[in-house]
Engineer: 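Provided herewith is a single structure, encoded as structure tokens, for subsequent inquiry.
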Amino acid sequence: MSSIVIVGAQWGDEGKGKVVDLVTERAELVVRYAGGPNAGHTLVVGGEKLIVRLVPSGILQPHSVCAMAQGMVIDPAVLVGEIAALTQRGIKTSGRLFISDRAHIILPHHILIDGLREGSTGVQKLGTTKKGIGPCYEDKAARRGLRFADLADLGRARALVARSLEAWAPTISALGGAVPDVASVMESVETHAAQLLPLVTDTSILVDDAQRAGKRMVFEGAQGILLDLDHGTYPFVTSSSAVAGGACTGAGIGPTRLTRVVGITKAYATRVGEGPFPTELNDEVGERLRQRGVEFGSVTGRPRRTGWLDIPALRYAARVSGVDAWAITKLDVLTGLETIEVCTGYETPAGKTTELPAALEGARPVYTSLPGWTEEIGSARRLEELPKNARDFVRFIEEKTNAEAYLVSVGPGREETIAVRDVWG
Ligand code: IMP
């Protein structure tokens, strides 16, 4: 296996930071292909937690080159802050961190609009991270976005910023905001341009060179498949391609070159922000999952909604992304539950189904009850060391989704992992 895509198979926050960190131990190139600072990947550096939102998690491996590809939207101020935080902790970024010249830049008014919309009563609230993701991708689709390549010509950059501001001005005013002027937006762009320009390159060449040289590559997804613009629980989704195929469009690698798709799923489910979540638990079991699983947003600090694992959703996610290997995270969080419910189908107004309906409103989950276990499992390093009911739970996921578990995480530490199979094998 030489090019692995790692995707979240739920609504984000599946534990990508830890899984990418483990998988990239043997990767020479790590590429993030979608999203922006709405993601929050928790890394542990020298025993200290560090949350990166833009820089690929592979940055912790000194031998890995990391690229932020053209499918991403990047806030220059956030990126400069992350580089400083990494440098402060002794992690070298120069010569090993690159930005695609085609990646789009999040501008201050994108963040302003995202916040105004979320705060407004007249607009459908999505519960976004308010990082400007949606408006930046909207500018990209409207073909007036500012890309890193444009920073080399500030006259051209200024014209694009002016077009964007002109297009957004009526919306900003209607939402009660003050329209910023071109000069102030340009000032913020120029503040970081000098520092970031040396990192800007055609990252598709890095990918192609690595592929030709037979190097190991990891394509790191952000958010989760159920938040994908095309395949997620629309309209409560993010604005980018979170599916594995997003690696092809977002990083410029041909579909035939990808050799494995690792899907990450928690042993239960969580969601932040608005949108349907049929297996949500608004009771003491949900609260228990939140507390034991420390389910609070790493970017926004919001408490995450918690619920039971949803097999139709997982099978759907595996199907639309070609998941052939699972990384099951947070299995230890389920310890102590007498019974574990798993959604295996839905009752919908149109009848019973075992598939994920496109419209989840009105869909009621049908559960299969599985017996829980009481033993703490954090020290297990082999599947055989898990209690039988925990092993059966893993087996149940594998059987219902037609994909095997490669990694099972039993605690937050990188050593608290059961490597069932070799993802590079
Ligand atoms: P946006 O990506 O900020 O536009 O937010 C759109 C939706 O995606 C909201 O429901 C967010 O809570 C959700 N979302 C975006 N990024 C993440 C993430 O990294 N983890 C979990 N949810 C996310």
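When a ligand or atom number is given, it counts from 1 through the structure's own listing order. In this text the structure is predicted, and so the values were computed from the model without any measurement.
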Engineer: Could you check which of Val237, Leu126, Asp114 puts a non-hydrogen atom nearest to atom 6 (C) of ligand 1?
Structural biologist: Val237
Engineer: With the threshold set at 4.0 Å, does a side-chain nitrogen-carboxylate oxygen contact exist between Glu118 and Lys130?
Structural biologist: no
Engineer: If you round to the nearest 0.5 Å, how far is CG of Leu360 from CG of Asp310?
Structural biologist: 8.0 Å
Engineer: Taking atom types as modelled, is there a side-chain donor on Tyr268 or Arg292 under 3.5 Å from an acceptor on the other?
Structural biologist: no
Engineer: What atoms of ligand 1 come within less than 4.0 Å of a heavy atom belonging to Gly127?
Structural biologist: 9 (C), 10 (O), 11 (C), 12 (O)
Engineer: Could you check Lys16, His41, Arg414 and say which one makes a side chain to side chain donor-acceptor pair (under 3.5 Å) with Asp21?
Structural biologist: Arg414
Engineer: Which atoms of ligand 1 have any heavy atom of Thr128 under 4.0 Å away?
Structural biologist: 1 (P), 3 (O), 4 (O), 5 (O), 9 (C)
Engineer: Hey, is Arg304 touching ligand 1 through its side chain, its backbone, both or neither, going by heavy atoms under 4.0 Å?
Structural biologist: neither
Engineer: Geometry only, no angles: is Thr238 polar-contacting ligand 1 at N/O separations under 3.5 Å?
Structural biologist: yes
Engineer: Of the backbone atoms (N, CA, C, O) and the side-chain heavy atoms from C-beta on, which set of Trp11 has a member under 4.0 Å from an atom of ligand 1: side chain, backbone, both, or neither?
Structural biologist: backbone
Engineer: Judged by non-hydrogen atoms, does Lys131 sit under 4.0 Å from ligand 1?
Structural biologist: no
Engineer: Checking a contact table here: which protein heavy atom is nearest atom 14 (N) of ligand 1, and how many Å away?
Structural biologist: Leu227 CD1, 3.7 Å
Engineer: Nearest protein heavy atom to atom 21 (C) of ligand 1, by residue and atom, and its distance?
Structural biologist: Asp13 OD2, 3.1 Å
Engineer: Does even one non-hydrogen atom of Ala39 get within less than 4.0 Å of ligand 1?
Structural biologist: yes
Engineer: When only distance counts, is Ser239 in polar contact with ligand 1, meaning an N/O pair under 3.5 Å?
Structural biologist: no
Engineer: Is a donor from one side chain sitting under 3.5 angstrom from an acceptor on the other, for Thr128 and Arg117?
Structural biologist: no
Engineer: One thing to verify: whether Lys131 and Asp75 come together as a salt bridge, which I'm taking to mean a side-chain N less than 4.0 angstrom from a carboxylate O.
Structural biologist: no
Engineer: For atom 18 (C) of ligand 1, what is the nearest protein heavy atom, given as residue, atom name and distance?
Structural biologist: Asn38 O, 3.8 Å
Engineer: Does one side chain, of Thr24 or Ser64, offer a donor that lies under 3.5 Å from an acceptor on the other?
Structural biologist: no
Engineer: Can you figure out which of Val73, Thr270, Thr129 has its heavy atom closest to atom 3 (O) of ligand 1?
Structural biologist: Thr129
Engineer: For Trp11, give me all partners under ring-ring contact (aromatic ring centres under 6.0 Å, His included), at least two apart in sequence or on another chain.
Structural biologist: Phe277
Engineer: Using heavy atoms and a threshold below 4.0 Å, how should the contact between Val272 and ligand 1 be classified: side chain, backbone, both, or neither?
Structural biologist: both
Engineer: Pairs under 3.5 angstrom only: tabulate donor-acceptor contacts from the side chains of residues 234-241 to other protein residues two or more places apart or in another chain.
Structural biologist:
from: Thr238; atom 1: OG1; to: Asn38; atom 2: ND2; distance (Å): 3.3

Engineer: Against heavy atoms of Arg302, which atoms of ligand 1 measure under 4.0 Å?
Structural biologist: 12 (O)
